Participant: 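Dumping the structure here so I can ask a few things about it.
Whatever order the structure lists ligands and atoms in, that order sets their numbers, starting from 1. These figures come from a predicted structure and were not determined experimentally.
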Amino acid sequence: MKTAKTVMEVRSYVKTWKAEGKTIGLVPTMGFLHQGHGSLIKKAVEENDIVIVSDFVNPIQFGPGEDLESYPRDFEADKKLCERLGADLIFHPEPEEMYDKPCTAVDMTVLSDGLCGSKRPGHFRGVCTVVSKLFNITKADRAYFGQKDAQQLFIIKKMVADLNFDIEIVGCPIIREEDGLAMSSRNSYLSEEERKAALCLYKAVKRGMEIITKNMPAATLIEAMTAVIENEPMARIDYISVVDLEELKELKSIDKPALVAMAVYIGKTRLIDNFLYEL
Ligand code: PAF
(Lines give C-alpha, C1' and ligand atoms only; values in the text may rest on other atoms or scores of the structure.)
Protein backbone atom coordinates (compact mmCIF):
# COMPACT_ATOMS: atom_id res chain seq x y z
CA MET A 1 0.00 0.00 0.00
CA LYS A 2 1.18 3.48 -0.86
CA THR A 3 1.16 6.51 1.43
CA ALA A 4 0.84 10.07 0.16
CA LYS A 5 1.13 13.33 2.06
CA THR A 6 0.69 15.72 -0.85
CA VAL A 7 -1.99 16.39 -3.44
CA MET A 8 0.64 16.11 -6.17
CA GLU A 9 1.60 12.58 -5.12
CA VAL A 10 -2.06 11.45 -5.12
CA ARG A 11 -2.61 13.06 -8.53
CA SER A 12 0.35 11.26 -10.00
CA TYR A 13 -0.84 7.82 -8.76
CA VAL A 14 -4.39 8.59 -9.93
CA LYS A 15 -3.15 9.59 -13.38
CA THR A 16 -1.46 6.20 -13.83
CA TRP A 17 -4.46 4.26 -12.52
CA LYS A 18 -6.89 6.17 -14.74
CA ALA A 19 -4.62 5.61 -17.78
CA GLU A 20 -4.82 1.87 -17.02
CA GLY A 21 -8.63 2.13 -17.05
CA LYS A 22 -8.97 1.31 -13.35
CA THR A 23 -11.96 2.34 -11.24
CA ILE A 24 -11.27 4.20 -8.00
CA GLY A 25 -13.19 4.01 -4.73
CA LEU A 26 -12.63 6.68 -2.08
CA VAL A 27 -13.23 6.26 1.66
CA PRO A 28 -12.98 9.70 3.28
CA THR A 29 -12.13 9.46 7.01
CA MET A 30 -10.69 11.52 9.83
CA GLY A 31 -8.58 8.55 10.92
CA PHE A 32 -8.53 6.62 14.21
CA LEU A 33 -10.15 3.90 12.15
CA HIS A 34 -12.52 1.34 13.63
CA GLN A 35 -14.64 -1.48 12.23
CA GLY A 36 -17.20 1.01 10.94
CA HIS A 37 -14.53 2.49 8.66
CA GLY A 38 -13.36 -1.07 8.01
CA SER A 39 -16.77 -1.97 6.59
CA LEU A 40 -16.58 1.00 4.17
CA ILE A 41 -13.08 0.02 3.06
CA LYS A 42 -14.12 -3.62 2.52
CA LYS A 43 -17.08 -2.57 0.40
CA ALA A 44 -14.88 -0.19 -1.59
CA VAL A 45 -12.35 -3.00 -2.18
CA GLU A 46 -15.14 -5.29 -3.43
CA GLU A 47 -16.51 -2.70 -5.85
CA ASN A 48 -13.41 -0.95 -7.27
CA ASP A 49 -10.02 -1.78 -8.79
CA ILE A 50 -8.28 0.78 -6.58
CA VAL A 51 -9.17 2.05 -3.10
CA ILE A 52 -7.96 5.33 -1.64
CA VAL A 53 -8.53 6.08 2.05
CA SER A 54 -8.13 9.70 3.11
CA ASP A 55 -7.01 10.12 6.72
CA PHE A 56 -7.32 13.78 7.61
CA VAL A 57 -8.70 15.53 10.69
CA ASN A 58 -10.35 18.37 8.82
CA PRO A 59 -9.93 21.53 10.94
CA ILE A 60 -12.59 23.57 9.14
CA GLN A 61 -15.45 21.28 10.15
CA PHE A 62 -14.79 21.86 13.87
CA GLY A 63 -16.38 24.85 15.60
CA PRO A 64 -14.80 26.96 18.36
CA GLY A 65 -14.63 24.96 21.60
CA GLU A 66 -15.08 21.63 19.81
CA ASP A 67 -12.61 18.74 19.99
CA LEU A 68 -10.22 19.49 17.10
CA GLU A 69 -7.10 19.39 19.31
CA SER A 70 -8.08 16.28 21.28
CA TYR A 71 -9.58 14.36 18.33
CA PRO A 72 -7.98 10.88 18.55
CA ARG A 73 -5.20 10.14 16.08
CA ASP A 74 -3.17 6.95 15.40
CA PHE A 75 -1.84 6.99 11.87
CA GLU A 76 0.35 3.88 12.27
CA ALA A 77 -2.65 1.77 13.36
CA ASP A 78 -4.75 3.28 10.53
CA LYS A 79 -2.09 2.34 7.98
CA LYS A 80 -2.00 -1.26 9.22
CA LEU A 81 -5.79 -1.62 9.01
CA CYS A 82 -5.96 -0.10 5.51
CA GLU A 83 -3.16 -2.37 4.31
CA ARG A 84 -4.80 -5.45 5.84
CA LEU A 85 -8.14 -4.65 4.20
CA GLY A 86 -6.57 -4.21 0.78
CA ALA A 87 -6.56 -0.42 0.30
CA ASP A 88 -4.06 0.81 -2.31
CA LEU A 89 -3.31 4.31 -1.05
CA ILE A 90 -3.72 6.21 2.18
CA PHE A 91 -3.73 9.99 1.83
CA HIS A 92 -2.60 11.71 5.03
CA PRO A 93 -2.03 15.41 4.34
CA GLU A 94 -1.10 18.15 6.81
CA PRO A 95 -3.72 20.94 7.17
CA GLU A 96 -1.38 23.33 5.27
CA GLU A 97 -1.40 20.97 2.29
CA MET A 98 -5.20 21.10 2.11
CA TYR A 99 -5.72 24.76 2.99
CA ASP A 100 -3.48 27.54 1.71
CA LYS A 101 -5.35 30.68 2.84
CA PRO A 102 -8.49 29.57 0.95
CA CYS A 103 -11.07 32.08 -0.31
CA THR A 104 -13.48 29.43 -1.54
CA ALA A 105 -15.82 27.06 0.27
CA VAL A 106 -18.74 24.80 -0.60
CA ASP A 107 -21.84 25.52 1.45
CA MET A 108 -25.26 23.95 1.71
CA THR A 109 -28.66 25.30 2.71
CA VAL A 110 -31.92 23.57 3.69
CA LEU A 111 -30.50 20.11 4.40
CA SER A 112 -27.95 21.56 6.80
CA ASP A 113 -30.41 23.84 8.62
CA GLY A 114 -31.60 21.33 11.22
CA LEU A 115 -30.27 18.38 13.24
CA CYS A 116 -26.47 18.60 13.73
CA GLY A 117 -26.34 21.56 11.32
CA SER A 118 -28.26 23.79 13.73
CA LYS A 119 -26.13 22.70 16.67
CA ARG A 120 -22.77 22.92 14.88
CA PRO A 121 -22.83 26.07 12.72
CA GLY A 122 -20.34 25.86 9.84
CA HIS A 123 -19.79 22.12 10.31
CA PHE A 124 -21.34 21.01 7.03
CA ARG A 125 -19.68 23.84 5.13
CA GLY A 126 -16.38 22.35 6.34
CA VAL A 127 -17.48 18.83 5.41
CA CYS A 128 -18.75 19.81 1.94
CA THR A 129 -15.57 21.77 1.24
CA VAL A 130 -13.14 19.01 2.20
CA VAL A 131 -15.20 16.28 0.52
CA SER A 132 -15.36 18.32 -2.73
CA LYS A 133 -11.60 18.75 -2.59
CA LEU A 134 -11.10 15.00 -2.01
CA PHE A 135 -13.39 14.21 -4.95
CA ASN A 136 -11.35 16.53 -7.17
CA ILE A 137 -7.99 15.26 -5.94
CA THR A 138 -8.77 11.54 -6.23
CA LYS A 139 -11.11 11.63 -9.27
CA ALA A 140 -12.87 8.70 -7.59
CA ASP A 141 -15.71 6.86 -9.33
CA ARG A 142 -17.40 5.99 -6.04
CA ALA A 143 -17.17 7.31 -2.47
CA TYR A 144 -18.28 5.51 0.67
CA PHE A 145 -19.98 7.08 3.71
CA GLY A 146 -21.59 5.57 6.81
CA GLN A 147 -25.27 5.90 7.66
CA LYS A 148 -24.30 6.79 11.25
CA ASP A 149 -23.64 10.33 10.01
CA ALA A 150 -27.03 10.29 8.29
CA GLN A 151 -27.33 14.04 7.74
CA GLN A 152 -23.82 14.12 6.26
CA LEU A 153 -24.75 11.32 3.85
CA PHE A 154 -27.91 13.16 2.69
CA ILE A 155 -25.96 16.40 2.30
CA ILE A 156 -23.17 14.82 0.26
CA LYS A 157 -25.64 13.08 -2.06
CA LYS A 158 -27.41 16.41 -2.61
CA MET A 159 -24.14 18.28 -3.11
CA VAL A 160 -23.07 15.73 -5.74
CA ALA A 161 -26.40 16.15 -7.56
CA ASP A 162 -26.41 19.97 -7.26
CA LEU A 163 -22.80 20.44 -8.41
CA ASN A 164 -22.79 17.60 -10.99
CA PHE A 165 -19.87 15.73 -9.49
CA ASP A 166 -19.25 12.64 -11.61
CA ILE A 167 -19.17 10.23 -8.68
CA GLU A 168 -21.48 7.65 -7.12
CA ILE A 169 -22.14 8.01 -3.39
CA VAL A 170 -22.50 4.69 -1.58
CA GLY A 171 -24.18 4.75 1.84
CA CYS A 172 -23.27 1.90 4.20
CA PRO A 173 -25.10 0.63 7.30
CA ILE A 174 -24.23 1.62 10.87
CA ILE A 175 -21.75 -0.79 12.44
CA ARG A 176 -22.37 -1.40 16.14
CA GLU A 177 -20.39 -2.83 19.03
CA GLU A 178 -21.69 -6.17 20.37
CA ASP A 179 -23.88 -4.37 22.90
CA GLY A 180 -25.34 -2.03 20.27
CA LEU A 181 -23.33 1.20 20.69
CA ALA A 182 -22.71 2.69 17.22
CA MET A 183 -19.00 2.64 16.42
CA SER A 184 -17.36 6.06 16.49
CA SER A 185 -13.84 7.37 16.94
CA ARG A 186 -15.27 9.57 19.71
CA ASN A 187 -16.23 6.46 21.76
CA SER A 188 -12.55 6.44 22.78
CA TYR A 189 -13.23 9.55 24.94
CA LEU A 190 -15.61 7.60 27.18
CA SER A 191 -14.58 6.41 30.66
CA GLU A 192 -15.70 2.91 31.64
CA GLU A 193 -18.74 4.34 33.42
CA GLU A 194 -19.60 6.63 30.50
CA ARG A 195 -19.21 3.76 28.05
CA LYS A 196 -21.98 1.91 29.92
CA ALA A 197 -24.11 5.05 30.05
CA ALA A 198 -23.65 5.57 26.27
CA LEU A 199 -25.75 2.48 25.64
CA CYS A 200 -28.82 4.65 26.26
CA LEU A 201 -28.54 5.93 22.67
CA TYR A 202 -29.01 2.44 21.26
CA LYS A 203 -31.74 1.70 23.79
CA ALA A 204 -33.58 4.82 22.60
CA VAL A 205 -33.12 3.79 18.96
CA LYS A 206 -34.50 0.32 19.74
CA ARG A 207 -37.45 1.81 21.64
CA GLY A 208 -38.14 4.16 18.73
CA MET A 209 -38.02 1.30 16.21
CA GLU A 210 -40.39 -0.77 18.35
CA ILE A 211 -43.13 1.82 18.69
CA ILE A 212 -42.93 3.82 15.44
CA THR A 213 -46.05 3.48 13.28
CA LYS A 214 -47.44 5.25 10.24
CA ASN A 215 -49.20 8.55 11.04
CA MET A 216 -48.01 8.53 14.65
CA PRO A 217 -47.38 12.06 16.00
CA ALA A 218 -43.61 12.68 15.95
CA ALA A 219 -43.92 14.19 19.45
CA THR A 220 -45.12 10.84 20.84
CA LEU A 221 -42.10 9.05 19.40
CA ILE A 222 -39.68 11.74 20.62
CA GLU A 223 -41.25 11.65 24.09
CA ALA A 224 -40.76 7.88 24.37
CA MET A 225 -37.14 8.09 23.19
CA THR A 226 -36.48 11.06 25.49
CA ALA A 227 -37.71 9.02 28.46
CA VAL A 228 -35.16 6.29 27.68
CA ILE A 229 -32.29 8.79 27.55
CA GLU A 230 -33.46 10.68 30.62
CA ASN A 231 -33.37 7.42 32.54
CA GLU A 232 -29.58 7.61 32.25
CA PRO A 233 -28.23 10.24 34.69
CA MET A 234 -24.96 10.78 32.75
CA ALA A 235 -26.78 11.62 29.51
CA ARG A 236 -27.89 15.06 28.26
CA ILE A 237 -29.97 15.32 25.08
CA ASP A 238 -28.72 17.76 22.44
CA TYR A 239 -31.62 16.91 20.12
CA ILE A 240 -33.96 14.12 19.09
CA SER A 241 -35.69 14.89 15.78
CA VAL A 242 -37.91 13.24 13.21
CA VAL A 243 -37.40 14.64 9.71
CA ASP A 244 -38.47 13.83 6.15
CA LEU A 245 -35.97 12.33 3.70
CA GLU A 246 -36.15 15.09 1.05
CA GLU A 247 -35.35 18.30 2.91
CA LEU A 248 -34.66 16.94 6.40
CA LYS A 249 -37.47 19.14 7.73
CA GLU A 250 -39.18 18.30 11.03
CA LEU A 251 -42.28 16.12 10.65
CA LYS A 252 -45.30 16.60 12.92
CA SER A 253 -46.85 13.31 11.91
CA ILE A 254 -44.94 10.31 10.58
CA ASP A 255 -46.89 10.19 7.33
CA LYS A 256 -43.90 9.70 5.03
CA PRO A 257 -40.49 7.97 5.17
CA ALA A 258 -38.52 9.54 8.00
CA LEU A 259 -35.10 9.83 9.58
CA VAL A 260 -35.16 9.66 13.37
CA ALA A 261 -31.89 11.15 14.56
CA MET A 262 -30.38 12.24 17.84
CA ALA A 263 -27.30 13.70 19.46
CA VAL A 264 -26.67 13.07 23.14
CA TYR A 265 -23.88 14.19 25.44
CA ILE A 266 -22.42 11.54 27.69
CA GLY A 267 -20.33 13.66 30.01
CA LYS A 268 -18.44 15.93 27.59
CA THR A 269 -18.64 13.50 24.66
CA ARG A 270 -21.27 14.18 22.02
CA LEU A 271 -22.53 10.99 20.35
CA ILE A 272 -25.04 10.53 17.52
CA ASP A 273 -27.28 7.71 16.38
CA ASN A 274 -30.31 7.31 14.13
CA PHE A 275 -32.64 5.01 12.26
CA LEU A 276 -34.66 5.26 9.07
CA TYR A 277 -38.40 4.55 8.92
CA GLU A 278 -39.52 3.58 5.43
CA LEU A 279 -43.26 3.17 6.22
O1 PAF B 1 -17.34 11.53 8.46
C2 PAF B 1 -16.18 11.97 8.60
O3 PAF B 1 -15.31 11.32 9.18
C4 PAF B 1 -15.84 13.34 8.06
O5 PAF B 1 -16.90 14.23 8.23
C6 PAF B 1 -15.36 13.32 6.59
C7 PAF B 1 -16.48 12.86 5.66
C8 PAF B 1 -14.17 12.40 6.45
C9 PAF B 1 -14.95 14.72 6.15
O10 PAF B 1 -13.89 15.20 6.92
Side-chain angles (χ1 to χ4, degrees), residues 4 7 10 25-41 43-44 51-63 66-75 77-78 81-82 87 89-99 102 105-108 111-112 115-117 119-138 140 142-160 163 165 167-175 182-189 248 259 261 263 269-274:
V7 172
V10 179
L26 169 68
V27 183
T29 82
M30 297 208 300
F32 210 70
L33 305 181
H34 49 69
Q35 284 175 52
H37 298 113
S39 73
L40 307 181
I41 299 171
K43 191 158 173 61
V51 171
I52 302 177
V53 178
S54 63
D55 187 312
F56 175 60
V57 181
N58 175 35
I60 67 165
Q61 71 186 72
F62 289 77
E66 289 190 351
D67 56 345
L68 171 61
E69 298 309 322
S70 59
Y71 195 85
R73 292 159 167 90
D74 188 347
F75 184 57
D78 292 348
L81 182 74
C82 289
L89 171 65
I90 184 164
F91 177 41
H92 183 53
E94 293 299 326
E96 302 72 42
E97 177 66 14
M98 292 296 277
Y99 301 112
V106 180
D107 213 347
M108 162 91 35
L111 269 66
S112 63
L115 308 175
C116 290
K119 301 288 176 179
R120 303 184 67 190
H123 171 67
F124 287 114
R125 176 185 165 103
V127 170
C128 288
T129 302
V130 80
V131 167
S132 303
K133 286 166 72 71
L134 291 167
F135 289 173
N136 285 332
I137 294 165
T138 61
R142 295 186 191 87
Y144 296 77
F145 295 88
Q147 177 66 37
K148 186 179 73 78
D149 296 288
Q151 187 177 16
Q152 169 173 282
L153 179 56
F154 277 100
I155 283 178
I156 287 168
K157 282 186 176 164
K158 180 73 174 131
M159 177 187 83
V160 161
L163 300 184
F165 279 105
I167 189 167
E168 181 192 341
I169 301 303
V170 184
C172 301
I174 299 178
I175 303 295
M183 289 200 182
S184 163
S185 304
R186 288 190 169 99
N187 291 349
S188 66
Y189 293 146
L248 303 183
L259 167 69
T269 306
R270 185 177 182 277
L271 300 176
I272 55 174
D273 207 336
N274 69 80

Participant: Could you list the atoms of ligand 1 found under 4.0 angstrom from a heavy atom of P28?
Facilitator: 8 (C)

Participant: Report yes if T29 has an N/O atom closer than 3.5 Å to an N/O atom of ligand 1; otherwise report no.
Facilitator: no

Participant: Going by the side chain to side chain contact (heavy atoms under 4.5 Å, CB included) test, name the single residue among I155, V131, V170 that passes it with F145.
Facilitator: V131

Participant: Check whether any side-chain heavy atom of I41 sits under 4.5 Å from a side-chain heavy atom of Y144, and report yes or no.
Facilitator: no

Participant: For V130, counting its heavy atoms only, list the atoms of ligand 1 lying under 4.0 Å from any of them.
Facilitator: 9 (C), 10 (O)

Participant: So how far is it from Y189 OH to L271 CG, rounded to the nearest 0.5 Å?
Facilitator: 10.5 Å

Participant: For ligand 1, which atoms, with element, lie under 4.0 Å from some heavy atom of Q152?
Facilitator: 1 (O), 2 (C), 4 (C), 5 (O), 7 (C)

Participant: Given the rule in the ring pair (Phe, Tyr, Trp, His ring centres under 6.0 Å) test, do H92 and F75 qualify, once you have shown the distances and angles that lead to the verdict?
Facilitator: CA-CA 8 Å; H92 183 53; F75 184 57; 3.7 Å; yes

Participant: Which ligand 1 atoms, with their elements, are less than 4.0 angstrom from a heavy-atom of Q61?
Facilitator: 4 (C), 5 (O), 9 (C), 10 (O)

Participant: Can you tell me how far the OG atom of S184 sits from the CZ atom of R270, to the nearest 0.5 Å?
Facilitator: 11.0 Å

Participant: If you have a sec, work out which protein heavy atom is nearest atom 3 (O) of ligand 1 and how many Å separate them, to one decimal?
Facilitator: M30 CG, 3.6 Å

